[in-house]
K.L.:
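Right, I'll just put the structure down here and ask away after.
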Amino acid sequence: MIFSKYNITSGIRDSENYFIVNLLSGNADILTPEDAEKIRAAREGKDIIDNEFKNDLIDKGYLINQAEESKEYRRKYLDFLDSRDKDEIQIFFVTNYSCNFACHYCYQDQYDHPSNKLSREVVDAFFDYVNKEFAARKKYITIFGGEPLLNTPVQKDIIGYIIQKSNEAGLSLCFVTNGYFLEEYIPLLKKGDIREIQVTLDGTESVHNNRRFLKGGGGTFEKIVKGIDKSLEKGININLRMVVDKKNIDNLADLSRLAMEKGWTASPLFKTQLGRNYELHHCQSSPDKLFDRISLYEKIYEMIKIHPHILDFHKPAYSVSKYLEENGELPGPLFDSCPACKTEWAFDYTGNIYSCTATVGKTDESLGTFYPSVTRKEEIIDNWESRDVTSIAECRDCSVQLACGGGCGSVAKNRTGNICSPDCRPVKELMELGFSQYFRSI
Ligand code: SF4
Ligand code: SF4
């Protein structure tokens with residue numbers, strides 16, 4: 001029996017205890033310092049004298065027979081591929097790259113785009129492609145920009161047409177919007193099967209207005225908040241996204257309070273996400289204001305100690321920790337965390353096909369066209385489709401691979417030039433925080 005290479009162990013933050021997690025066997029335990037010492041010995045290949053403890057480690061798959069574990073890995077990998085084939089596909093459609101906002105961190109400002117408008121002919125070609133290419137798959141469409149909900153008659157007409165086509169195809173819709181004209185769009189949105197609207201609010205009034213203002217100037221907070229209120233009132237799901245960096249993170253506690261006072265957090269229609277402002281496509285003017293993944297979660301962890309009500313607004317995942325607390329069991333092994341070209345695709349009004357929202361609009365990353373004719377760069381698509389922890393050399397021997405899943409293919413490609421390269425996640429460090437946050441009382 002040897003120590004499983006998929007064991008993840010470390011100390012729990014602000015505690016004398018430790019944790020051990022094994023996503024292949026599906027077990028997790030909190031360890032006393034004494035038990036952690038025995039585990040350390042086992043990892044170094046030393047025999048464990050305490051037989052009861054040793055048998056427990058064997059039962060839970062922390063100590064394994066290597067050949068048996070390899071078989072189990074292959075079995076679970078095939079299960080993973082199987083279940084992913086049955087997963088729903090999220091299909092993004094960019095109606096335009098133009099926007100009425102001039103957010104200072106917007107990455108789309110560097111893209112050059114043809115100024116032609118989205119026509120009904122292109123919408124028809126998009127639905128023809130989707131209905132044919134993904135005929136056997138469950139799917140839904142997310143409308144994306146730029147800003148898709150612009151308040152012009154032409155834009156309202158084309159959004160109305162997309163809603164009509166989605167209804168005909170029996171597909172539900174999500175919208176990603178800055179929320180400025182949300183209220184004006186509600187009557188139209190109510191005609192479709194709307195799954196959720198993602199709206200960005202970067203803080204309370206002055207903080208938000210300092211970051212997300214109209215082109216030409218002007219605050220946007222008040223109108224967005226009104227749109228959220230009205231949407232919830234009309235039964236539309238809202239996914240509130242706060243894009244954070246070092247300039248606005250301290251406002252998280254106040255924004256959480258505001259969401260509670262407005263009654264949003266008590267609504268079953270309301271959920272939140274924190275988006276990390278990061279250098280995906282080009283250098284930010286002040287990169288020192290950006291968090292890396294772990295420093296962001298360290299900061300949030302410390303803030304929650306002082307302002308525990310933040311947890312009513314947003315519960316950080318800290319890798320698998322939140323899932324474990326909410327479900328009483330671990331998620332299945334994550335052989336792949338990048339959905340691009342597997343359960344996510346992106347299309348835009350110019351007729352191009354992309355892997356996902358991280359590449360959409362970068363014409364050199366186009367994977368083909370759906371309009372005016374259908375073309376596909378099969379070799380690059382194969383490359384995206386094959387990306388997982390079994391095809392990335394660096395991931396194969398990594399102990400956290402089944403929690404990390406290899407990270408984001410686009411970030412990896414930007415860094416190394418190769419889609420099948422790693423984008424490492426600080427899994428162990430996140431779990432150190434997560435076990436402390438969610439299991440401190442155990
Ligand atoms: S490339 Fe990155 S952004 Fe795109 S689907 Fe993969 S993980 Fe998501
Ligand atoms: S991307 Fe890095 S951390 Fe993630 S599985 Fe691969 S090697 Fe491990």
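This one's a predicted model, so the numbers in the text were calculated from it and none came from an experiment. In each ligand, atom 1 is the first atom listed, and ligand 1 is the first ligand listed.
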K.L.:
Under 4.0 Å from ligand 1, counting heavy atoms only, is it the side chain of Cys356, its backbone, both or neither?
P.N.:
side chain
K.L.:
Using a strict 4.0 Å cut-off to heavy atoms of Ser410, name the atoms of ligand 1 that fall inside it.
P.N.:
1 (S)
K.L.:
Should one rank Pro422, Ser337, Pro426 by closest heavy-atom distance to atom 1 (S) of ligand 2, which comes out on top?
P.N.:
Pro422
K.L.:
Does the residue Gly407 have a heavy-atom contact with ligand 2, meaning some pair of atoms that are separated by less than 4.0 Å?
P.N.:
no
K.L.:
I'd like to know if the side chain of Glu325 pairs up with that of Gln437 as donor and acceptor (distance under 3.5 Å, no hydrogens or angles considered).
P.N.:
no
K.L.:
List every atom of ligand 2 that sits less than 4.0 Å from any heavy atom of Cys395, numbering the atoms from 1 in the order shown and giving each element.
P.N.:
1 (S), 5 (S), 6 (Fe), 7 (S)
K.L.:
Is there a donor in the side chain of Tyr161 and an acceptor in the side chain of Asp124, or the other way round, less than 3.5 Å apart?
P.N.:
yes
K.L.:
For Gln401, counting its heavy atoms only, list the atoms of ligand 2 lying under 4.0 Å from any of them.
P.N.:
5 (S)
K.L.:
Would a line drawn from the ring center of Tyr73 to the ring center of Tyr6 be shorter than 6.0 Å?
P.N.:
yes
K.L.:
Which ligand 1 atoms are under 4.0 Å away from a heavy-atom of Cys408?
P.N.:
1 (S), 2 (Fe), 3 (S), 7 (S)
K.L.:
Of all the heavy-atom pairs spanning Cys395 and Val389, show the shortest one and how long it is.
P.N.:
CB-O, 3.6 Å
K.L.:
By number and element, which atoms of ligand 1 are closer than 4.0 Å to a non-hydrogen atom of Cys338?
P.N.:
1 (S), 5 (S), 6 (Fe), 7 (S)
K.L.:
Does any N, O or S atom of Cys398, backbone or side chain, fall under 2.8 Å from atom 2 (Fe) of ligand 2?
P.N.:
no
K.L.:
State whether Lys138 and Asp87 are salt-bridged, where the test is any N-O pair (Lys NZ or Arg NE/NH1/NH2 against Asp/Glu carboxylate O) under 4.0 Å.
P.N.:
no
K.L.:
Which atoms from ligand 2 have a heavy atom of Glu394 less than 4.0 Å away?
P.N.:
7 (S)
K.L.:
Using a 4.0 Å cut-off to any heavy atom of Val400, which atoms of ligand 2 qualify?
P.N.:
3 (S)
K.L.:
Check each of Tyr129, Phe92, Phe93 against Phe347 using the ring pair (Phe, Tyr, Trp, His ring centres under 6.0 Å) test, and report the only one that passes.
P.N.:
Tyr129
K.L.:
Which of the atoms of ligand 2 are close to Cys404, meaning less than 4.0 Å from one of its heavy atoms?
P.N.:
1 (S), 3 (S), 4 (Fe), 5 (S)
K.L.:
Considering only heavy atoms of Ala358, which atoms of ligand 1 have at least one such atom less than 4.0 Å away?
P.N.:
3 (S), 4 (Fe)
K.L.:
Main chain of Asp85, side chain of Arg137: is a donor-acceptor contact present, judged purely on distance under 3.5 Å?
P.N.:
yes
K.L.:
Give the atom numbers and elements of ligand 1 that come within less than 4.0 Å of a heavy atom of Ala340.
P.N.:
5 (S), 6 (Fe)
K.L.:
Where on Asp423 is there a heavy atom closer than 4.0 Å to ligand 2, on the side chain, on the backbone, on both, or on neither?
P.N.:
backbone
K.L.:
Taking only residues two or more places apart in sequence, or in another chain, which ones meet Glu121 in a side chain to side chain contact (heavy atoms under 4.5 Å, CB included)?
P.N.:
Ser119, Tyr371
K.L.:
Hey, are Asp56 and Lys54 close enough for a salt bridge, meaning a charged N less than 4.0 Å from a carboxylate O?
P.N.:
no
K.L.:
Are Asp202 and Arg241 close enough for a salt bridge, meaning some N to O gap below 4.0 Å?
P.N.:
no
K.L.:
Counting non-hydrogen protein atoms only, what is the nearest one to atom 2 (Fe) of ligand 2? Give residue, atom name and distance.
P.N.:
Cys424 SG, 2.3 Å
